[in-house]
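Report on one structure; see the data block that follows.
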Amino acid sequence: MHLTQFSIQTMALKHILYSIFFGLLTTSTPAQEKKLTIEKIWSGEFQAQRLQSIKSMKNSKQYTVLELDYRNRRSVVKKQNYLDDFGEEIVVESNSEMGIPFFTTYTFSKDESRILLASQVESIYRRSTKAIYHIYHLENQTVVKVSDHKIQSPLLSPDGNQIAYGYQRNLFIKDLITNQIIQITDDGDHQTINGLTDWVYEEEFGFVRAFDWSFDSRYIAYLKFDESEVPEYSMDFYLGNLYPSQYQFRYPKAGENNSIVSVFLYDLKTQQLQQIPINDAELEYIARIKFDQWKNKIYLQTLNRHQNHLKLWTYHVDSQSVNLLHQEKDKAYVSVQDQMEFFENGNFLWTSEKDGYNHIYYYDHKGDFIRQITRGNWDVTDLLKYNKKEKEIYYQSVETTSIGRAIYAIDLDGQSKRLLSPKKGFNGATFNAQGDYFIHSYSDSETPPIYQLVRSSDRKVIRRLLNNQPLIEKLNDYNLPKKEFQTININGYQLNSYLIKPINFDPNKKYPVVVYQYSGPGSQQVSNRWMNSNDLWHLLLTQKDYIVACVDPRGTGYKGRDFKKLTYMNLVKYETEDQISFGRYLSQLPYVDSDRIGIWGWSFGGHVSSQSLLLGHDVFSLAIAVAPVTSWRFYDTIYTERFMRTPQENPEGYDRNAPLNHVEKLKGDYLIIHGSGDDNVHLQNTMEMASKLIQANKPFDMMIYPDKNHGIYGGHTRNHLFTKMTQFITTNL
């Protein structure tokens, strides 16, 4: 089957969905009169179905998915054949009689003989959790509880006979044959962490488990964090007790001390523990630790404090030698590398922005350059899979459009590139172990997620797995407008944007506009993919006769290195300039009421919305800032210094673009919202801003959500939050 046939099949499916979706929307029936409500949006009523936790089996002929029924507290892992609809079987399911609780995640051992199941999961920070874990043995269908305590980040050994985990900042191993528990470390306390990351590593480097098994299950390598010199932040929790409780944790703000991080190796055979020396005077961060899957070799990624020099090290356990394998430098910053693939001979694939765009490069086992695989004025967004048999690389990129994603195949020699997905929309792919089949996910702004099984060699669609037809039928009862994407010239740059107009839009009428943005480095809000809950709320605003608009300013992602890193050392300066210019552009549209343009955002977006109102009060008459940073001096080292260096090195960059220092310019209506239990962007940001506004005698509105974190959710919290914002907009704009 040719690519055109694959495209026809996919587009035919889209055409059917479009016909159902928009044909019924335009039919004159009472169902058209249904209106979105905040309660319905945040109840999950319009949530799209997705295939969750897809895992390919080692045999490459089957895959597993997780199905969760929260209402009935039932979870089940199902195994499905790639090539047919028959033979679906239950691998494991919650069963109180067998001692298998309702679980929400599952992980196979490397040999697929055991499954690790997590239940009673309790969040700690953004990514870290603690939970009760059980191990299900497939061969004899027995269940073993790992610990009576809630533990963190457990990992089965490759042979499936042991499990390592973190508990109370120490690292433990349980032998699943003898049930013996070995405590590897005993110095974990309020200033020492073993095998798990500290707060700032978790938040900014995006990982919690800081240990890994060797391929032969003999060794464990782990990171140790000495937090003794990291300043503490404290916050009160008010609810549920007669007196508030105080919570303290180590949080390094920009320019302050980080944890001192070191690497250790534990030998289970000899029960010996040794430190791995890394002789690097620049070393500030150890951002990744991973064992090779074929040899007793550890890969480590390190960064200097400025984060503009990334090094990839190898430690050979047998020879006890540390070698520098590869390094990346940049005048601005280098991101930690997750898009890489190592081969059994030691050669590896690696992505880099060194030619101005993120592309795939090929290196040998010594780190010597072999060739550049992809090239062009577009970014590779994900290195998905290497097909060893076909010597073919599968990757995702923005080659066809910067607001979408497409899937490609290319030979290891950089030739014979093939498109494996539609050019438009948002395409994802989960490949089987060999790479000869993949589960293709597709959505766009008008089509909820579609999943289908595709053969890699000829793009043939084997069968369709999910198409969200029930959601389409439900949305048929609502008269919903579409996003109108466009590229506009702002401040000399072509920026992606969209408008959402009311369904009964009248070009002769003047409409108020609400601008939504996030604007953070490398981010993207203007994308041709299925909507989230914020999008649904925006559609609700259009039902109240508002236009909703969005633009991705300079500094956002997927337009190359220079566009993304242009904001270096001046975070929020150019982003704010572009939002104000976008507001001016909107004000010139004949159907926009230029006196009624507002802007809102969350976190980084709250900073930008605040600054846009303060500096662009001639354009914006209203701003909402949810959980905003109001001075980068209050935010953490890793994130802030990556883009700004330290306050000691760049004081003007920190202070010139801080809303705190422009409060006297406030004109218009300003609402600032924060959770008092926000461990990420601290309430201090809002309290400092409020104090400055009060002393400048500037009126403003403020809402504090008791004990809520950066996400401000739980119970009816989101209903209250978005009702508050809706009322603020409808009253003042």
Side-chain angles (χ1 to χ4, degrees), residues 7 10-11 14 17-18 21 48 353 356-359 374 376-382 384 395-408 419-429 440-450 480-501 513-536 538-539 542 547-567 574-575 578-579 581-582 585-586 601 604-605 608:
S7 302
T10 306
M11 293 304 108
K14 284 184 62 182
L17 295 177
Y18 289 173
F21 191 29
E353 295 178 321
Y357 293 87
N358 196 50
H359 283 296
T374 61
N377 296 337
W378 43 269
D379 288 324
V380 169
T381 52
D382 201 359
L384 296 169
Y395 67 91
Q396 182 194 62
S397 77
V398 293
E399 183 172 356
T400 56
T401 170
S402 60
I403 64 171
R405 303 287 188 275
I407 310 299
Y408 285 88
L419 180 64
L420 298 182
S421 68
K423 291 184 177 181
K424 295 183 179 181
F426 219 90
N427 295 276
H440 169 233
S441 61
Y442 175 88
S443 79
D444 59 35
S445 63
E446 301 163 15
T447 310
I450 299 168
L480 301 178
K482 299 184 293 184
K483 284 182 179 178
E484 299 176 10
F485 294 101
Q486 58 182 341
T487 302
I488 55 177
N489 189 305
I490 290 182
N491 295 324
Y493 290 83
Q494 295 297 312
L495 304 184
N496 296 329
S497 68
Y498 67 71
L499 294 179
I500 311 176
K501 299 172 184 174
V513 178
V514 176
V515 173
Y516 167 67
Q517 47 70 47
Y518 176 72
S519 304
S523 66
Q524 184 178 57
Q525 297 304 311
V526 182
S527 61
N528 189 14
R529 67 191 307 177
W530 184 243
M531 58 184 133
N532 58 27
S533 296
N534 281 356
D535 291 311
L536 285 166
H538 292 151
L539 295 179
T542 68
I547 290 174
V548 176
C550 182
V551 70
D552 280 335
R554 285 172 285 178
T556 52
Y558 312 110
K559 287 198 167 188
R561 177 211 176 274
D562 294 343
F563 183 86
K564 180 176 68 175
K565 297 180 180 179
L566 183 146
T567 61
Y574 299 109
E575 301 93 316
D578 287 351
Q579 294 298 340
S581 295
F582 183 55
Y585 160 81
L586 293 170
F604 195 104
V608 174

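Being a predicted model, the structure only gives us computed values, none of them experimental.
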Candidate pair M531 and L536, rule side-chain contact (heavy atoms from CB on, under 4.5 Å), full reasoning
CA-CA 7 Å; M531 58 184 133; L536 285 166; 3.6 Å; yes
So how far is it from D535 CG to Q525 CD, rounded to the nearest 0.5 Å?
8.5 Å
With heavy-atom distances below 4.5 Å as the criterion, would you say the side chains of Q494 and N489 are in contact?
yes
Heavy-atom distance under 4.5 Å between the side chains of H538 and V514, does that happen here?
no
Could you check whether any side-chain heavy atom of Y408 comes within less than 4.5 Å of a side-chain heavy atom of V380, counting everything from C-beta outward?
no
Of all the heavy-atom pairs spanning G376 and H359, show the shortest one and how long it is.
O-NE2, 2.8 Å
Are any of the side-chain heavy atoms of K501 and P481 separated by less than 4.5 Å?
no
Please evaluate residues K424 and D444 with respect to the criterion side-chain contact (heavy atoms from CB on, under 4.5 Å), reporting the C-alpha separation (whole Å), side-chain torsions for both, the decisive distance (0.1 Å), and the verdict.
CA-CA 8 Å; K424 295 183 179 181; D444 59 35; over 6 Å; no
Which heavy atom of P422 sits nearest a heavy atom of N427, and at what distance?
O-ND2, 3.1 Å
Between CG on residue L384 and CG on residue L420, distance to nearest 0.5 Å
9.5 Å
Should Y585 and V551 count as side-chain neighbours, where that means a heavy-atom distance under 4.5 Å?
no
Got S441 and P449 here, is their nearest side-chain heavy-atom distance under 4.5 Å?
no
Check the angle between the aromatic planes of H440 and Y442 and answer parallel, tilted or perpendicular using the 30° and 60° thresholds.
tilted
Atom CG in L495, atom CD in Q579: separation rounded to 0.5 Å?
9.0 Å
Would you say that V608 contacts Y518 through its side chain, given a criterion of any heavy-atom pair below 4.5 Å between the two side chains?
no
Would you mind reporting whether E575 and Q517 have side-chain heavy atoms less than 4.5 Å apart?
no
Output for pair (I403 CD1, T487 OG1), nearest 0.5 Å, gives 7.0 Å
Salt-bridge criterion met for D552 and K559 (N-O under 4.0 Å)
no
Non-hydrogen atoms of S519 and F604 that approach each other most closely:
O-CE2, 3.5 Å
Enter the distance from Y498:OH to K483:NZ here, rounded to the nearest 0.5 Å.
4.0 Å
Report the C-alpha distance between N496 and S402 in whole Å, list the side-chain angles of each, state the deciding distance to 0.1 Å, and finish with yes or no for side-chain hydrogen bond (donor to acceptor under 3.5 Å, both in side chains).
CA-CA 8 Å; N496 296 329; S402 60; 3.0 Å; yes
